[in-house]
Protein chains: 2
Amino acid sequence: MSTKERSGCPISLSLELIGDRWTLLIIRDLAFAGKRHFRELLQSDEGISSRTLAERLQTLVDEGVLTRSDDPTHRLKAIYRLTEAGIDLLPILATLGAWGSKYRKADKDLARVAKELAAGGEPALERMKKSLSKEHLG
Amino acid sequence: MSTKERSGCPISLSLELIGDRWTLLIIRDLAFAGKRHFRELLQSDEGISSRTLAERLQTLVDEGVLTRSDDPTHRLKAIYRLTEAGIDLLPILATLGAWGSKYRKADKDLARVAKELAAGGEPALERMKKSLSKEHLG
DNA sequence: GAAATTGGTTCCGTTTTAAAAGCAATTTAC
DNA sequence: GTAAATTGCTTTTAAAACGGAACCAATTTC
């Protein structure tokens with residue numbers, strides 16, 4: 001993930017940060033699966049390597065999409081949370097999920113969930129954003 | 001771009017195909033810039049290499065997101081067009097554009113365009129989809 | 001006190017990517 | 001009619017990204 005920007009196009013700038021095979025899966029697990037710790041995020045079905053996970057988390061923190069804080073109940077644990085910018089990635093996850101449900105061979109149950117979120121339109125997204133704000137921003 | 005699927009998650013499946021730094025920029029240029037030919041697509045501000053462009057176009061055709069056809073007016077030219085699946089990527093482009101406009105240092109004018117499309121909501125997207133259908137599906 | 005758990009780091013081999021040059025077929029300019 | 005330009009790629013070479021496995025010190029659990 002290089003840092004040199006290629007153009008001022010908003011789509012391009014987004015892709016420079018989240019345009020890869022892993023970043024949005026990390027966000028997905030923070031948003032939908034309630035994961036907060038490194039070892040939890042390591043356990044995704046897709047099997048991210050610890051090296052890649054560590055690097056992505058670092059960049060996401062640096063770029064203001066996540067925060068990293070100490071777990072008060074366990075000194076070795078770090079807590080990763082979404083920032084407002086991270087929560088605002090939700091519409092992207094939703095549209096990706098809707099497209100994948102429609103055009104790829106997706107798991108039935110997960111496809112249904114994705115379609116429901118998409119069918120709910122902006123109101124459903126706003127509700128979920130608010131819920132995420134409570135969980136992640138406190 | 002490996003072909004082995006990592007999970008049945010719709011988001012993950014979408015990212016396997018379009019989760020990289022280039023694919024959605026190609027779609028963007030087909031959808032917003034009216035580009036149709038290889039050399040036109042090569043001229044993006046971001047400077048994709050001809051090797052990467054060729055490989056991406058091939059997979060997108062294979063996966064049913066684009067079509068490739070001969071240009072009747074010029075034997076050396078090929079015409080790339082969006083399929084229905086390609087046109088349905090528009091909401092993803094729109095949300096990516098909106099996020100980039102809000103959280104990255106985007107060009108002012110392009111940010112305005114992106115925000116307008118997002119502000120128009122689903123009706124604006126549907127209108128643009130119909131317009132793209134006319135242009136690409138004929 | 002030994003074993004397990006924590007968030008990573010290090011190493012190494014493979015895959016992906018960028019940059020540049022090249023190419024045969026065709027079209028355009030003169 | 002011929003030389004130059006244009007077409008969609010392919011080839012080559014080198015650099016960067018990535019995956020897998022092992023490893024680590026600090027801490028927590030048993």
OP1 or OP2 of [N] sitting under 4.0 Å from any side-chain N/O of [X]?
X: A:Trp22; N: D:dC18; result: no
X: A:Arg56; N: D:dG19; result: no
X: B:Thr52; N: C:dA18; result: yes

Counting only heavy atoms from other residues, nucleotides and ligands, does the tally under 6.0 Å from CD of A:Glu122 exceed 12? no
Measure from [atom1] on [X] to [atom2] on [N] and round the result to the nearest Å.
X: B:Asp20; N: C:dT16; atom1: CG; atom2: P; value: 12 Å
X: A:Arg36; N: C:dT5; atom1: CZ; atom2: C1'; value: 20 Å
X: B:Lys77; N: D:dA5; atom1: NZ; atom2: P; value: 17 Å
X: A:Arg51; N: D:dA16; atom1: CZ; atom2: C1'; value: 10 Å
X: B:Asp71; N: D:dG8; atom1: CG; atom2: P; value: 9 Å
X: A:Ile26; N: C:dG7; atom1: CD1; atom2: C1'; value: 14 Å
X: A:Arg68; N: C:dG7; atom1: CZ; atom2: C1'; value: 7 Å
X: B:Glu55; N: D:dT10; atom1: CD; atom2: P; value: 11 Å

Interatomic spacing from [atom1] in [X] to [atom2] in [Y] - rounded to 0.5 Å:
X: B:Leu15; Y: A:Trp99; atom1: CG; atom2: CH2; answer: 10.5 Å
X: B:Arg28; Y: B:Leu25; atom1: CZ; atom2: CG; answer: 4.5 Å
X: A:His37; Y: A:Gln43; atom1: NE2; atom2: CD; answer: 13.0 Å
X: A:Leu24; Y: A:Asp29; atom1: CG; atom2: CG; answer: 11.0 Å
X: B:Tyr80; Y: B:Arg68; atom1: OH; atom2: CZ; answer: 4.5 Å

Output the single nucleotide from D:dC9, C:dG8, D:dG19 whose closest atom is nearest the side chain of A:Phe38.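 Closest nucleotide among those given: C:dG8.
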Just checking B:Ser50: base, sugar-phosphate only, or nothing, at a heavy-atom cut-off of under 4.0 Å?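 Base, at least one base atom sits under 4.0 Å.
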Under 3.5 Å, is there a donor-acceptor pair between the A:Tyr103 and B:Glu63 side chains?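 Per modelled atom types, A:Tyr103 and B:Glu63 side chains form no pair under 3.5 Å.
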Let me have a per-nucleotide readout for nucleotides 24-30 of chain D, 5' to 3', with B, S or -, counting only protein heavy atoms under 4.0 Å. --BBS--
